[in-house]
Amino acid sequence: MTASNNSGLVNNLKKAGIFQSERVENAMKSVDRGKYVNYDPYRDSPQQIGYGATISAPHMHAHALENLAPFLQPGMKVLDVGCGSGYLTACLAEMVGPEGKVVGIDHIPQLVKLATDNVMNDRPELLESKRVIFVLGDGRKGYPEEAPYDCIHVGAAAEKMPQDLIDQLKSPGRIFIPVGSNSQYIYQIDKDNDGNVTKKSLMGVMYVPLTDAQKQLRG
């Protein structure tokens, strides 16, 4: 599935039934993927962005936004682990609106710079207003300085459920995370009002591993 422009890409995803929410559609149409990916940005496939990282296929970003939508209401706070090119971070910021906040974290300094530069070139007001901040750090440990979060998106596959991220989730709150090594699945982790945690497998996937910076750079 490919398109000649960003609007066509989003329309294709909607026709394919990847998402139903008008809020997701508006967010994805307001952030042009072509400004975050150099090669074939409107094809529904993952792309290399350098430093051992990839940007997920657009349909996976659409799945993530749709799944997290109840916890991406105006004014909510989000952690985006493995912010990469900054594309999904900007989409998340669109969902939570001017009163919300999204923290994008990556452990590769060059990717933090890439994400910052991309958002500054596309939507500078997101950075200037502090609706989006990018930080350098080990996303497996979350970012306690800004916790708790209404929801957390993880863009690489964890070997096991990262307890630090669950601990930094609000009650109620939700995590969208790929888990596994040889066999990977997207899990929806929900924390209810009383702090009880439930985990639900959504679909099989293949993501790059959520690892340390040295391993990632070695490939």
Side-chain angles (χ1 to χ4, degrees), residues 1-69 72 78-95 102 104-106 108 111 114-115 118-119 122-123 139 151-159 174-189 200-211 216 219:
M1 183 164 56
T2 190
S4 59
N5 56 46
N6 192 68
S7 183
L9 168 65
V10 179
N11 289 340
N12 285 344
L13 295 172
K14 187 176 183 180
K15 286 176 190 169
I18 305 297
F19 67 88
Q20 285 78 43
S21 167
E22 189 176 330
R23 295 177 61 238
V24 171
E25 179 179 5
N26 291 340
M28 293 188 76
K29 283 188 172 176
S30 69
V31 182
D32 188 341
R33 198 170 185 267
K35 296 181 179 179
Y36 296 81
V37 185
N38 291 327
Y39 175 74
D40 219 357
Y42 308 122
R43 178 181 294 279
D44 188 22
S45 63
Q47 305 289 359
Q48 298 290 328
I49 57 173
Y51 310 101
T54 61
I55 180 173
S56 296
H59 74 269
M60 286 310 305
H61 283 155
H63 276 304
L65 292 169
E66 182 86 351
N67 177 266
L68 294 172
L72 292 171
V78 186
L79 179 65
D80 184 21
V81 176
C83 57
S85 72
Y87 167 75
L88 187 66
T89 318
C91 291
L92 292 164
E94 279 298 314
M95 297 279 285
V102 184
I105 186 169
D106 209 291
I108 307 293
L111 291 177
L114 175 68
N118 284 343
V119 174
D122 181 34
R123 303 292 301 281
C151 65
I152 299 174
H153 168 266
V154 183
E159 284 189 14
R174 176 174 291 177
I175 302 175
F176 182 96
I177 180 172
V179 180
S181 47
N182 296 328
S183 179
Q184 298 176 3
Y185 293 89
I186 292 285
Y187 279 85
Q188 171 186 315
I189 304 175
K200 176 183 176 185
S201 172
L202 300 179
M203 67 188 93
V205 290
M206 184 51 66
Y207 276 65
V208 296
L210 185 66
T211 183
Q216 181 172 323

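Keep in mind that the numbers below use all heavy atoms, side chains included, and drop hydrogens, waters and symmetry copies. What you are looking at is a predicted structure, and each value in this text was computed from that prediction instead of being measured.
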**Item:** For Gln48, side-chain hydrogen bond (donor to acceptor under 3.5 Å, both in side chains) partners two or more places apart
**Value:** none
**Request:** Could you give me the CA-CA distance, side-chain angles and deciding distance for Ile177 and Ile152, then say whether side chain to side chain contact (heavy atoms under 4.5 Å, CB included) is met?
**Result:** CA-CA 8 Å; Ile177 180 172; Ile152 299 174; over 6 Å; no
**Item:** Test side-chain hydrogen bond (donor to acceptor under 3.5 Å, both in side chains) applied to Asp40 - qualifying residues, sequence neighbours left out
**Value:** Arg43
**Request:** Report the distance from atom CZ of Arg174 to atom CD1 of Ile189, rounding to the nearest 0.5 Å.
**Result:** 11.0 Å
**Asked** Closest heavy-atom contact between Ala3 and Asn12?
**Response** CB-ND2, 3.7 Å
**Asked** Taking atom CD of Glu22 as the centre, does the number of heavy atoms from other residues, nucleotides or ligands within less than 6.0 Å exceed 12?
**Response** no
**Item:** Distance-minimising heavy-atom pair for Asp106 and Gly84
**Value:** OD2-N, 3.2 Å
**Prompt:** For Asn5, does the CG atom have more than 12 heavy-atom neighbours from other residues, nucleotides or ligands under 6.0 Å away?
**Reply:** yes
**Distance, nearest 0.5 Å, that separates CG of Asp80 from OG1 of Thr89** = 4.0 Å
**Message:** How close do Met28 and Asn6 get, counting heavy atoms only, and between which atoms?
**Reply:** O-ND2, 3.0 Å
**Request:** Applying side chain to side chain contact (heavy atoms under 4.5 Å, CB included), run through Met60 and Ile186 and close with a yes or a no.
**Result:** CA-CA 10 Å; Met60 286 310 305; Ile186 292 285; 4.0 Å; yes
**Message:** Between Leu88 and Leu65, is the side chain to side chain contact (heavy atoms under 4.5 Å, CB included) condition met? List the steps.
**Reply:** CA-CA 9 Å; Leu88 187 66; Leu65 292 169; 3.9 Å; yes
**Request:** For the pair Tyr185 and Lys200, evaluate side chain to side chain contact (heavy atoms under 4.5 Å, CB included) and give the outcome as yes or no after the intermediate values.
**Result:** CA-CA 10 Å; Tyr185 293 89; Lys200 176 183 176 185; over 6 Å; no
**Message:** I need the full list of ring pair (Phe, Tyr, Trp, His ring centres under 6.0 Å) pairs touching residues 4-24, with sequence neighbours left out, sorted by first then second residue.
**Reply:** none
**Item:** Straight-line distance of Ser30 OG to Met95 CE, nearest 0.5 Å
**Value:** 10.0 Å
**Item:** Heavy-atom side-chain contact between Phe176 and Leu202 under 4.5 Å
**Value:** yes
**Complete:** dist His61:NE2 -> Ile18:CD1 (nearest 0.5 Å) comes out at 13.5 Å
**Request:** Drop me the distance from Asp44's CG to Ser56's OG, to the nearest 0.5 angstrom.
**Result:** 10.5 Å
**Prompt:** Does Arg23 have any salt bridge (charged side-chain N to carboxylate O under 4.0 Å, His left out) partners at least two apart in sequence or in another chain, and if so, which?
**Reply:** none
**Request:** Find the distance between NE2 (His153) and CG (Leu92) and round it off to the nearest 0.5 Å.
**Result:** 7.0 Å
**Message:** The criterion is salt bridge (charged side-chain N to carboxylate O under 4.0 Å, His left out); which residues satisfy it with Asp32, sequence neighbours excluded?
**Reply:** none
**Asked** Of all residues at least two apart in sequence or in a different chain, which pass the salt bridge (charged side-chain N to carboxylate O under 4.0 Å, His left out) check with Glu66?
**Response** none
**Complete:** Asn118 meets the side chain to side chain contact (heavy atoms under 4.5 Å, CB included) criterion, sequence neighbours left out, with Tyr36, Ser85, Leu114
**Prompt:** Quick one: side chain to side chain contact (heavy atoms under 4.5 Å, CB included) partners of Asn11, sequence neighbours excluded?
**Reply:** Ser7, Glu25, Lys29
**Asked** Nearest heavy-atom pair of Leu111 and Ala53: which atoms, and what distance?
**Response** CD1-CB, 3.6 Å
**Message:** Using every non-hydrogen atom in the two residues, find where Val119 and Gly86 come nearest and quote the distance to one decimal.
**Reply:** CG2-O, 3.9 Å
**Prompt:** Shortest non-hydrogen contact from Cys91 to Ala27?
**Reply:** O-CB, 3.8 Å
